[in-house]
Amino acid sequence: MSKQRVLTGITTSGTPHLGNYVGAIRPAIEVSKSPELESFYFMADYHALIKCQDAERVEQSRKEIAATWLALGLNTDNAVFYRQSDIPEIPELNWLLTCMAAKGLMNRAHAYKAAVAANEESGEDPDYGVTMGLYNYPVLMAADILMFNANKVPVGKDQIQHIEMARDIAARFNHHYGDHFQMPEAVIDDKGSILQGLDGRKMSKSYNNTIPLFLTEKQLKKHINKIKTNLLEPGEAKDPDTSTVFQIWEAFASAEQTAEMRAKFEAGIAWGEAKRELFELVNGQLGEAREKYFDLMERPADIEDILQQGAVKARAESAPFIEKLRQAVGLRKFS
Ligand code: TRP
């Protein structure tokens with residue numbers, strides 16, 4: 001049996017934060033070390049253009065995300081790490097799939113429907129601000145996945161529908177042109193991997209409640225001090241299960257350290273002290289990667305080299321595969 005292939009994309013429109021690290025980056029880097037799995041990780045920078053039209057932000061975000069993954073120890077010998085926009089076969093496949101994707105299917109995409117609903121709510125034209133990029137988002141994502149015939153696609157819950165659409169489009173293509181694509185499956189992170197942000201809601205750029213992953217020590221301390229707590233005094237027992245401080249602790253600590261902190265909460269640890277310990281823990285775990293990160297950010301040409309090597313590996317697959325697909329749909333040479 002051939003190896004299982006894991007593939008996931010990271011939209012390059014923001015700065016990586018602790019929630020991204022715990023929910024997506026850390027588990028993906030673990031997978032990249034496993035010789036039993038083939039992993040494909042890429043920066044979805046074409047997707048980034050859909051939600052972010054600030055060119056400098058897109059450029060900076062790609063650099064930050066690449067440096068983050070590399071600094072945290074992504075094994076690029078084992079994993080294929082590349083930028084979507086370095087693989088011209090992806091937009092080519094995007095078109096072949098566009099011609100097989102039902103418009104009615106795209107009408108049902110959550111992100112598009114949410115945009116239309118928001119317009120209707122505010123009395124705008126339903127299509128106000130909706131680009132074809134947003135509308136076609138699921139087809140491009142299907143192209144990302146099907147280009148490399150990935151079996152397993154780790155994503156957040158909000159992306160499940162997109163994987164289902166990829167299967168739908170793949171099945172239609174296979175039915176029409178022969179068996180070219182395997183059916184991808186979503187792999188959903190378990191609930192323990194969703195981190196709370198400064199205000200207690202899910203840590204997310206859209207809530208503006210994140211703790212960026214690589215900060216100076218001073219900034220990290222400042223962010224941790226901003227985590228919302230209640231007014232309980234030192235000595236008063238605190239509920240670990242409703243505390244963001246404790247939840248972040250748990251995401252970084254061993255089982256033993258977690259049990260110790262739970263006992264301290266019950267014994268009434270002061271919020272200031274709990275936050276100081278949280279800072280020590282997180283800072284200790286990210287310190288080494290942070291050095292590497294800041295170093296890499298100073299050497300963008302080295303990041304570029306690594307990504308170019310990734311693109312060569314990826315295109316060794318995508319180039320012959322797109323050729324086969326061109327044949328299948330009738331785009332053939334005459335001689
Ligand atoms: N849409 C995904 C997200 O926002 C990112 C993404 C793009 C992706 N292409 C992909 C994820 C292919 C998995 C597979 O999270």
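Read the numbers this way: they start at 1 and go in the same order the structure lists the ligands and their atoms.
- With sequence neighbours excluded, the residues that form a side-chain hydrogen bond (donor to acceptor under 3.5 Å, both in side chains) with T244 are Q196.
- By the 4.5 Å heavy-atom criterion applied to side chains, E288 and E291 are not counted as neighbours.
- The part of Q159 lying near ligand 1 is the side chain, judged by heavy-atom distances below 4.0 Å.
- At the shortest separation from atom 6 (C) of ligand 1 among protein heavy atoms lies G9 O, 3.8 Å.
- In the vicinity of V155, heavy-atom distances shorter than 4.0 Å reach the ligand 1 atoms 11 (C), 13 (C).
- Heavy atoms of L140 found under 4.0 angstrom from ligand 1: none, in either backbone or side chain.
- Using a 4.5 Å heavy-atom threshold, the side chains of M43 and Y82 count as separate.
- Residue V153 touches ligand 1 through its side chain alone, judged by heavy-atom distances below 4.0 Å.
- Taking every heavy atom of H47 and a limit of under 4.0 angstrom, the matching atoms of ligand 1 come to 7 (C), 9 (N).
- Heavy-atom neighbours of K313 NZ from other residues, nucleotides or ligands within 6.0 Å: above the threshold of 12.
- Between D144 and ligand 1, at least one pair of N/O atoms sits closer than 3.5 Å.
- At least one N or O atom of Y137 sits closer than 3.5 Å to an N or O atom of ligand 1.
- Using a 4.0 Å cut-off to heavy atoms of L7, the atoms of ligand 1 that qualify are 14 (C).
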Check your understanding: Under the side-chain contact (heavy atoms from CB on, under 4.5 Å) criterion, do Q84 and R62 qualify, and how do the steps go?
Key -> CA-CA 11 Å; Q84 185 184 33; R62 303 149 101 220; over 6 Å; no

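- The distance from ligand 1 to the heavy atoms of T8 drops below 4.0 Å at these ligand atoms: 11 (C), 13 (C).
- Close approach of ligand 1 to A44 (heavy-atom distance below 4.0 Å) involves ligand atoms 7 (C).
- A centroid separation of 6.0 Å or more is found between the aromatic rings of Y137 and Y46.
- At a heavy-atom distance under 4.0 Å, no atom of D158 approaches ligand 1.
- Y135 has its side chain within reach of M132: a pair of non-hydrogen atoms, C-beta onward, lies under 4.5 Å apart.
- Contacts between Y41 and ligand 1 below 4.0 angstrom, taking non-hydrogen atoms only, are absent altogether.
- Figure legend: R26 and F252 shown as a cation-pi pair, the cationic atom lying under 6.0 angstrom from the six-membered ring centre and within 45 degrees of its axis.
- Ring centroid separation for the pair F246 and F265 comes in under the 6.0 Å cut-off.
- Atom NZ of K218 has 12 or fewer neighbouring heavy atoms from other residues, nucleotides or ligands inside a 6.0 Å radius.
- Close approach of ligand 1 to I145 is summarised as follows: ligand atoms under 4.0 Å from at least one heavy atom of the residue are 12 (C), 14 (C).
- Of all atoms in ligand 1, numbered sequentially from 1 with element shown, those under 4.0 Å from a heavy atom of T11 are 3 (C), 4 (O), 5 (C).
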